[in-house]
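Here the structure is a predicted model, which is why all the values come from computation and not from measurement. In this chain, numbering begins with 1 at the start of the sequence shown.
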Amino acid sequence: LHIYDVGGHQIMQGANNILRAIGTGAFHAGVEVYGQEWSYGYSATGTGVFNCMPRLCPHHSYRETLSLGETLLGRDEVRHAVHSLQVLWIGSDYDLLRRNCCHFAQAFA
């Protein structure tokens, strides 16, 4: 699980350093599996599921990685799981508090 500071600005990184001490902050999350990182975000049309190279999400600043262990699924099973999630996680359904990248990461992992 790769964790990012939202937006990638130094101000947000500093705020997250303070907010994290009390158990909160503005973070983005992505799940790495088989050399790709998968996440979810707002999109006006279609799915909100997207992928990037691990630790290189272009809209956020990488902070840290938390190991979730290794998957028991094969590559084809992961592809099928991603496809199913792409259908369920529509970009316009994104909600900052109720349906975001952290919820997606939990569902995917």
Using the rule that two of Ile, Leu, Val, Met, Phe, Trp, Tyr join whenever any of their side-chain heavy atoms come within less than 4.5 Å, decide whether [X] and [Y] are in one cluster.
{"X": "Val33", "Y": "Tyr62", "value": "no"}
{"X": "Val78", "Y": "Leu1", "value": "yes"}
{"X": "Leu96", "Y": "Val49", "value": "yes"}

Worked check of side-chain contact (heavy atoms from CB on, under 4.5 Å) between Arg20 and Arg63: CA-CA 12 Å; Arg20 188 171 179 191; Arg63 174 178 277 265; 3.6 Å; yes
Minimum side-chain heavy-atom gap [X]-[Y] below 4.5 Å:
{"X": "Tyr94", "Y": "Arg99", "value": "no"}
{"X": "His28", "Y": "His59", "value": "no"}
{"X": "His103", "Y": "Trp89", "value": "yes"}
{"X": "Phe50", "Y": "Ser43", "value": "no"}
{"X": "Asp93", "Y": "Tyr42", "value": "no"}
{"X": "Met53", "Y": "Glu37", "value": "no"}
{"X": "Tyr4", "Y": "Glu64", "value": "no"}
{"X": "Tyr34", "Y": "Thr71", "value": "yes"}

Inspect the surroundings of CG in Leu66 and state if more than 12 heavy atoms from other residues, nucleotides or ligands are less than 6.0 Å away.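 Yes, because the 6.0 Å sphere around CG of Leu66 holds more than 12 heavy atoms from other groups.
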Asn16 (side chain) donor-acceptor with Gly25 (main chain) under 3.5 angstrom: no
Rounded at 0.5 Å granularity, tell me how far [atom1] in [X] sits from [atom2] in [Y].
{"X": "Met12", "Y": "His9", "atom1": "CE", "atom2": "NE2", "value": "8.0 Å"}
{"X": "Glu77", "Y": "His80", "atom1": "CD", "atom2": "NE2", "value": "10.0 Å"}
{"X": "Cys102", "Y": "Ile3", "atom1": "SG", "atom2": "CD1", "value": "6.5 Å"}
{"X": "Leu19", "Y": "Asp5", "atom1": "CG", "atom2": "CG", "value": "10.5 Å"}
{"X": "His2", "Y": "Cys101", "atom1": "NE2", "atom2": "SG", "value": "13.5 Å"}
{"X": "Tyr40", "Y": "Thr47", "atom1": "OH", "atom2": "OG1", "value": "7.5 Å"}

Looking only at heavy atoms, what is the nearest atom pair of [X] and [Y], with distance?
{"X": "Ala29", "Y": "Ser39", "value": "O-OG, 2.6 Å"}
{"X": "Gly7", "Y": "His60", "value": "N-ND1, 3.0 Å"}
{"X": "Ala109", "Y": "Leu68", "value": "CB-CD1, 3.7 Å"}

